[in-house]
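Beneath this line is the structure, given in structure tokens, with notes to follow.
Being a predicted model, the structure only gives us computed values, none of them experimental.
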Amino acid sequence: GAAPSENFNRISFAVNVQTSNARLFVELPQIAPDGELTFTAHEEEFGQADLTVTAFFDRRLLNDNISGVLALPPAVVRVLPRPRVFSISPNVGTGLGGTRVTIHGDHMGSQATKQNVTVTIGDEVCGSLDWISRVRLSCVSPPGLGPADVVVSVGQGLSYRSGRLVNAFTHAVLYYGGTDIAADQGYLAAAPSTVDIEQTIA
């Protein structure tokens, strides 16, 4: 007799996405044949998307073919806002650390997540963190040298999201002053020379 047909089991998914934020995704949610959901959210956007998933299957077992369509329970994807860092004040501190700074931004944690907020200046943790609100944090600068990025990270569940302000804080290692005789003014500045806090004193 004839050999039996090859057995197979194929499944595919169609995902319908509904969201009020048309810019939420760079790559829309999709489901691979193994059931893995993937998507890429726009880094500056946040919001919610409702997913309607339909599964299509086609199965052959021995000589029987079974095909069908199955509507799966609806799912919700929530994209949380990425922290944004606008400024830090003061933006210059001693290279030994110990400067109390205030960080201004947005989406920097909430009452529910404030215990999972961390701030780093350079690669070091900014200590004694005081979560004031989602738009303001305070902490004590770590030791360092020269310009450093300020990064605010918020943990929620198994995920972390972070925002960065490049070269926002500078560890100064030397302050110096003098007199500009030609201009008949004094001056105060700090090193390294990338620090621009020079001011004139009449």
Side-chain angles (χ1 to χ4, degrees), residues 21 23-27 39-47 78-202:
N21 184 352
R23 290 173 44 83
L24 184 59
F25 298 107
V26 176
E27 295 182 4
F39 62 86
T40 303
H42 193 292
E43 64 177 16
E44 297 297 332
E45 301 293 330
F46 59 94
R78 291 184 179 89
V79 178
L80 300 174
R82 181 187 299 272
R84 302 184 68 183
V85 183
F86 299 145
S87 65
I88 180 172
S89 59
N91 61 358
V92 176
T94 171
L96 298 176
T99 303
R100 170 64 68 172
V101 297
T102 300
I103 299 163
H104 303 274
D106 201 1
H107 306 302
M108 299 188 298
S110 64
Q111 286 287 349
T113 60
K114 65 182 183 180
Q115 300 300 323
N116 298 323
V117 175
T118 58
V119 176
T120 57
I121 296 179
D123 295 326
E124 302 296 329
V125 173
C126 195
S128 302
L129 178 64
D130 182 16
W131 185 89
I132 300 167
S133 70
R134 74 172 198 175
V135 299
R136 190 154 60 107
L137 309 172
S138 178
C139 59
V140 176
S141 67
L145 177 63
D149 295 356
V150 175
V151 178
V152 175
S153 298
V154 180
Q156 189 161 357
L158 299 176
S159 66
Y160 269 84
R161 55 195 191 277
S162 62
R164 176 185 303 267
L165 190 60
V166 176
N167 292 341
F169 185 81
T170 300
H171 298 94
V173 296
L174 174 66
Y175 290 93
Y176 59 93
T179 303
D180 185 339
I181 298 175
D184 194 25
Q185 291 179 327
Y187 61 87
L188 174 67
S193 59
T194 52
V195 182
D196 185 16
I197 66 164
E198 186 169 329
Q199 57 184 349
T200 57
I201 304 171

Closest non-hydrogen atom pair between [X] and [Y], with its separation:
X: G98; Y: V140; answer: CA-CG1, 3.4 Å
X: P147; Y: N167; answer: CB-OD1, 3.7 Å
X: P143; Y: L96; answer: CG-O, 3.6 Å

Side chain to side chain contact (heavy atoms under 4.5 Å, CB included) between I103 and V119, intermediate numbers included | CA-CA 9 Å; I103 299 163; V119 176; 3.4 Å; yes
For the atom pair [atom1] ([X]) and [atom2] ([Y]), what is the distance rounded to the nearest 0.5 Å?
X: L129; Y: T118; atom1: CG; atom2: OG1; result: 8.0 Å
X: L165; Y: N91; atom1: CG; atom2: CG; result: 10.0 Å
X: H171; Y: T99; atom1: NE2; atom2: OG1; result: 7.5 Å
X: M108; Y: R161; atom1: CE; atom2: CZ; result: 12.5 Å
X: T40; Y: L24; atom1: OG1; atom2: CG; result: 11.0 Å

ring-ring contact (aromatic ring centres under 6.0 Å, His included) contacts in which one or both residues fall within residues 92-112, not counting sequence neighbours | F46-H107
Sort and list the pairs that fulfil ring-ring contact (aromatic ring centres under 6.0 Å, His included) and have at least one residue in residues 124-150, not counting sequence neighbours.
-> none
What residues, two or more places apart in sequence or in another chain, satisfy side-chain contact (heavy atoms from CB on, under 4.5 Å) together with E44?
-> H42, R84
Is there side-chain contact between [X] and [Y], with heavy atoms separated by less than 4.5 Å?
X: P142; Y: V125; answer: no
X: T102; Y: L137; answer: no
X: N116; Y: V154; answer: no

Residues two or more places apart in sequence or in another chain: which of them pass salt bridge (Lys or Arg N to Asp or Glu O under 4.0 Å) with [X]?
X: R136; result: none
X: E45; result: R23
X: R100; result: none

Backbone N/O of D130 and side chain of S138: donor-acceptor pair under 3.5 Å = no
Hey, is the main chain of A172 close enough, under 3.5 Å, to the side chain of T170 for a donor-acceptor pair?
-> no
Test side-chain hydrogen bond (donor to acceptor under 3.5 Å, both in side chains) applied to S162 - qualifying residues, sequence neighbours left out | none
For S87, what residues pass the side-chain hydrogen bond (donor to acceptor under 3.5 Å, both in side chains) criterion, not counting sequence neighbours?
-> none
Keeping to residues at least two apart or across chains, list the disulfide (SG to SG under 2.5 Å) pairs with something in residues 81-141.
-> C126-C139
Non-neighbouring partners of Y160 that pass ring-ring contact (aromatic ring centres under 6.0 Å, His included), sequence neighbours left out | none
Quick note, salt bridge (Lys or Arg N to Asp or Glu O under 4.0 Å) partners involving residues 103-128, not counting sequence neighbours, are D106-R134
Which side chain to side chain donor-acceptor pair (under 3.5 Å) pairs, counting each pair once, include a residue from residues 141-155, with sequence neighbours left out?
-> D149-R164
